[in-house]
Amino acid sequence: MFTLIYIIFATAALAARLFLNEPDTGFDPFIPGGGGLTPLNEIFSLADFDASARSYMSLRNYSYYRNGAAGEWSYRNNLEAFGRIRLRPRSLVDITHVEESLPTSILGYNFSAPFFIAPAGRAGYGNPDAEKGLLRAGEAANVLYIPSFGATLPLEDIVAFKSPGNEYTTFQQLYIDNNDTNVQSSLRRIENAGQKAIILTIDSPGDGARSRAERYGVGSADTGLTLLTWERFSKILNMTSLPIVLKGITTVEDARMAVSSGASAIYLSNHGGRQLDFSPSGFEVALEIHKQAPEIFDQIDVWADGGVRYGTDVLKLLALGVKAVGLARPFMYANCYGEDGVARAIDLLRTELINDSANLGLGDIKSINSSYLSLEYMNYNGWYTR
Ligand SMILES: Cc1cc2nc3c(=O)[nH]c(=O)nc-3n(C[C@H](O)[C@H](O)[C@H](O)COP(=O)(O)O)c2cc1C
Ligand SMILES: *[C@@H]1O[C@H](CO)[C@@H](O)[C@H](O)[C@H]1NC(C)=O
Ligand SMILES: *[C@@H]1O[C@H](CO)[C@@H](O)[C@H](O)[C@H]1NC(C)=O
Ligand SMILES: *[C@@H]1O[C@H](CO)[C@@H](O)[C@H](O)[C@H]1NC(C)=O
Ligand SMILES: *[C@@H]1O[C@H](CO)[C@@H](O)[C@H](O)[C@H]1NC(C)=O
Ligand SMILES: *[C@@H]1O[C@H](CO)[C@@H](O)[C@H](O)[C@H]1NC(C)=O
Ligand SMILES: *[C@@H]1O[C@H](CO)[C@@H](O)[C@H](O)[C@H]1NC(C)=O
């Protein structure tokens with residue numbers, strides 16, 4: 001008897017834990033193979049775009065998008081963290097007007113949804129028109145798009161895709177080096193291009209170790225060690241009149257520091273798990289702030305990203321007080337189809353968000369708070385802890 005129990009436990013302990021890059025929703029028969037893309041009308045979730053892009057893109061190009069740092073624990077954890085916190089749906093609430101509560105203001109600019117297209121380099125790896133589809137679909141839906149400083153096209157060319165009248169607001173991600181003259185000229189370029197805010201990435205003072213992509217020569221750009229300090233940030237703030245958002249906050253301590261730093265918002269992110277393996281997902285950082293310093297969500301606008309694939313992921317972040325939620329890989333995979341693909345991705349997430357809100361018993365998305373989350377935390381063994 002004891003031996004049998006021992007064998008059962010030993011087997012369970014040795015079995016590899018199942019990781020689902022995309023949950024099994026029966027997508028496999030819809031992958032055409034032979035380098036084809038699944039027709040857009042057969043794509044029903046953001047996760048489907050990953051499978052379709054994987055079949056279509058060269059392994060080299062796909063590896064650049066898919067890559068995480070080192071053993072990719074953070075990459076996997078970003079997707080799995082949402083699965084450890086359950087929802088607490090309320091019943092018999094009038095939700096028929098929930099769609100009207102979707103539009104939101106980000107740094108004072110109005111957008112149609114509380115999610116945005118996060119900065120990701122090299123759109124040309126998935127589409128010969130590079131960043132065009134991301135900008136055009138973002139504009140058509142009035143969803144915020146933040147071009148990467150490492151985009152395939154120069155930022156001036158990307159904003160030139162805007163329709164005449166130039167009413168669509170975009171922000172610009174920025175990487176800096178150690179030379180203030182270069183920083184100053186980057187800031188001028190961004191201002192002259194009409195970008196309305198700067199998203200300064202601070203999670204990459206070193207290079208990410210990205211073996212999956214390095215095999216194909218498309219790993220982290222070798223930029224050496226970058227001087228990123230609070231002191232330098234305050235100097236940079238003084239070099240531009242544009243608002244600056246700090247991208248890559250991963251602790252409550254740094255969130256506290258940022259409140260009085262002059263930053264216009266903070267962006268919780270581990271860079272899609274591409275920089276420091278074992279850094280927490282944006283959702284976990286939001287949970288940490290919620291637990292230890294919830295007032296921060298009222299003191300400064302908080303954005304977050306990492307592993308967001310479903311409407312419920314967006315809702316879990318909003319419930320903690322996050323104002324805007326970023327997604328990178330899903331839109332990069334969708335951009336293999338160009339504007340139509342990105343538009344479909346936006347539409348899928350939008351309608352999921354509306355219907356999920358309804359089923360959560362939310363009449364107004366903006367009224368969501370942490371009472372809609374069960375803040376017990378489920379660990380890998382299925383135990384709930386506080
Ligand atoms: C292919 C790729 C390129 C990226 N390039 C940048 C970049 O140039 N600047 C930056 O701040 N973040 C970059 N990121 C990180 C994203 O902005 C974002 O933080 C992260 O990918 C969100 O996780 P998700 O891909 O699971 O949605 C990149 C991510 C990917 C997947
Ligand atoms: C943004 O939306 C708010 C209300 O939702 C509205 O009062 C305001 O005028 C809008 N601003 C712009 C610039 O359209
Ligand atoms: C891979 O990316 C390169 C660089 O942008 C591009 O020239 C090439 O066409 C891409 N290959 C595929 C199969 O998409
Ligand atoms: C900084 O960059 C400028 C312009 O690119 C260059 O002229 C200057 O020599 C650089 N300074 C240092 C210390 O490298
Ligand atoms: C930078 O600081 C100086 C002096 O403190 C000030 O005169 C100047 O206007 C500031 N520049 C910007 C762009 O904020
Ligand atoms: C979800 O909500 C939208 C907006 O009300 C609606 O058009 C759509 O048909 C609903 N269902 C699905 C599966 O998206
Ligand atoms: C959270 O939302 C619920 C439902 O609207 C409300 O009853 C409750 O008072 C809110 N809690 C807080 C702390 O605001």
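Only this structure's heavy atoms are used, side chains among them; waters, hydrogens and symmetry mates stay out. Note that ligands are numbered from 1 as they come in the structure, with each ligand's atoms numbered from 1 the same way.
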- Among all protein heavy atoms, pick out the one at the shortest distance from atom 4 (C) of ligand 1; state its residue, atom name and that distance to 0.1 Å. A120 CA, 3.3 Å
- Item | Pairing of R54 and D50 as salt bridge, 4.0 angstrom limit | yes
- Compute the shortest N/O to N/O distance between G307 and ligand 1 and return yes if it is under 3.5 Å, no if not. yes
- Does ligand 1 have an atom under 4.0 Å from some heavy atom of M332? no
- Nearest non-hydrogen protein atom, atom 20 (C) of ligand 1: G272 N, 3.4 Å
- Query: Which of the atoms of ligand 1 are close to Y65, meaning less than 4.0 Å from one of its heavy atoms?
  - Reply: 1 (C), 31 (C)
- Query: Does some non-hydrogen atom of L327 fall short of 4.0 Å from ligand 1?
  - Reply: yes
- Among all protein heavy atoms, pick out the one at the shortest distance from atom 3 (C) of ligand 1; state its residue, atom name and that distance to 0.1 Å. G121 N, 3.3 Å
- Message: If we count only N and O atoms by modelled type, under 3.5 Å, do the side chains of S45 and D48 hold a donor and an acceptor together?
- Response: yes
- Task: First locate atom OH of Y125, then atom CE of M332, and finally report the distance between them rounded to the nearest 0.5 Å.
- Result: 10.5 Å
- Check ligand 7 against S371 and write out every atom of the ligand that is under 4.0 Å from a heavy-atom position of the residue. 1 (C), 2 (O), 3 (C)
- Message: If you take the nearest heavy atom of each of Q173, H271, R274, Q275, which one is closest to atom 15 (C) of ligand 1?
- Response: H271
- What's the shortest distance from atom 27 (O) of ligand 1 to any protein heavy atom, and which residue and atom give it? A328 N, 2.9 Å
- Task: Decide whether Q184 and R189 meet the rule of one side-chain donor and one side-chain acceptor closer than 3.5 Å.
- Result: no
- Query: Just which atoms of ligand 1 are under 4.0 Å from any heavy atom in S148?
  - Reply: 7 (C), 8 (O)
- May I ask you to say whether R188 pairs ionically with E191, meaning some side-chain N is under 4.0 Å from a carboxylate O? yes
- Could you tell me whether ligand 1 has any atom less than 4.0 Å away from a heavy atom of Y64? yes
- Walk me through it: do R122 and V218 pass the test side chain to side chain contact (heavy atoms under 4.5 Å, CB included)? CA-CA 10 Å; R122 309 187 201 177; V218 293; 4.0 Å; yes
- Message: Considering both backbone and side-chain atoms of P330, is one of its nitrogen or oxygen atoms within less than 3.5 Å of a nitrogen or oxygen in ligand 1?
- Response: no
- Message: I'd like to check F233 versus I244 (side-chain heavy atoms, cut-off strictly below 4.5 Å). Are they in contact?
- Response: yes
- Heavy-atom proximity to atom 11 (O) of ligand 1, picking from I199, I202, T201, V308, points to T201
- Query: Do the side chains of S370 and L375 get nearer than 4.5 Å, heavy atoms only?
  - Reply: yes
- Task: Any chance you could measure Y145, atom OH, to Y168, atom OH, to the nearest 0.5 Å?
- Result: 8.5 Å
- Message: Quick test: of every protein heavy atom, which one is nearest to atom 13 (C) of ligand 7, and how far off is it to 0.1 Å?
- Response: N369 ND2, 4.4 Å
- Item | Non-hydrogen atom of Y175 closer than 4.0 Å to ligand 1 | yes
- Does ligand 1 have any atom sitting under 4.0 Å from a heavy atom of R309? yes
- Query: Nearest protein heavy-atom contact for atom 19 (O) of ligand 1: which residue, which atom, what distance?
  - Reply: D305 OD2, 2.6 Å
- Answer yes if a protein heavy atom lies under 4.0 Å from atom 7 (O) of ligand 7, otherwise answer no. no
- Query: Regarding D177 and T226, is there a side-chain donor-to-acceptor distance under 3.5 Å anywhere?
  - Reply: no
- Query: Can you list the ligand 3 atoms lying under 4.0 Å from a non-hydrogen atom of G124?
  - Reply: 2 (O), 5 (O)
- Can you pull out the closest protein heavy atom to atom 16 (C) of ligand 1? Residue, atom name and distance to 0.1 Å, please. P119 O, 3.2 Å
- If we number the atoms of ligand 7 from 1 as shown, the ones under 4.0 Å from a heavy atom of Y372 are 4 (C), 5 (O)
- For ligand 1, which atoms sit closer than 4.0 Å to a heavy atom of S269? 19 (O)
- Check whether the ring centres of F27 and F44 lie less than 6.0 Å apart, and answer yes or no. no
- Item | Ring centers of F116, Y267 separated by less than 6.0 Å | yes
- Note on the structure: for atom 12 (N) of ligand 1, nearest protein heavy atom and its distance come out as K247 NZ, 3.0 Å
- Message: Using 30° and 60° as the class boundaries, would you call the ring planes of Y175 and H271 parallel, tilted or perpendicular?
- Response: parallel
- Query: Among protein heavy atoms, which sits nearest to atom 24 (P) of ligand 1, and what does the distance come to when rounded to 0.1 Å?
  - Reply: R329 NH1, 3.6 Å
- Message: For ligand 3, which is the ligand I care about here, please tell me if Y56 has any N or O atom under 3.5 Å from one of the ligand's N or O atoms.
- Response: no
- Task: May I ask you to check whether Y216 and Y64 place their ring centers less than 6.0 Å from one another?
- Result: no
- Parallel, tilted or perpendicular: rings of F19 and Y75 (30°, 60°): perpendicular
- Task: Starting from the C-alpha separation in whole Å, work towards a yes-or-no answer on side chain to side chain contact (heavy atoms under 4.5 Å, CB included) for K132 and E339.
- Result: CA-CA 7 Å; K132 184 179 178 184; E339 180 181 344; over 6 Å; no
- Query: Which of the atoms in ligand 3, numbered in the order shown and given with their element, are less than 4.0 Å from a heavy-atom of S58?
  - Reply: 13 (C)
- Message: Distance alone, cut at 3.5 Å: any donor-acceptor contact between the side chains of N77 and S281?
- Response: no
- Note on the structure: If you scan protein heavy atoms around atom 9 (O) of ligand 3, the nearest is N61 ND2, 4.9 Å
- Message: Once you restrict to heavy atoms under 4.0 Å, what part of R122 touches ligand 1? Side chain, backbone, both or neither.
- Response: neither
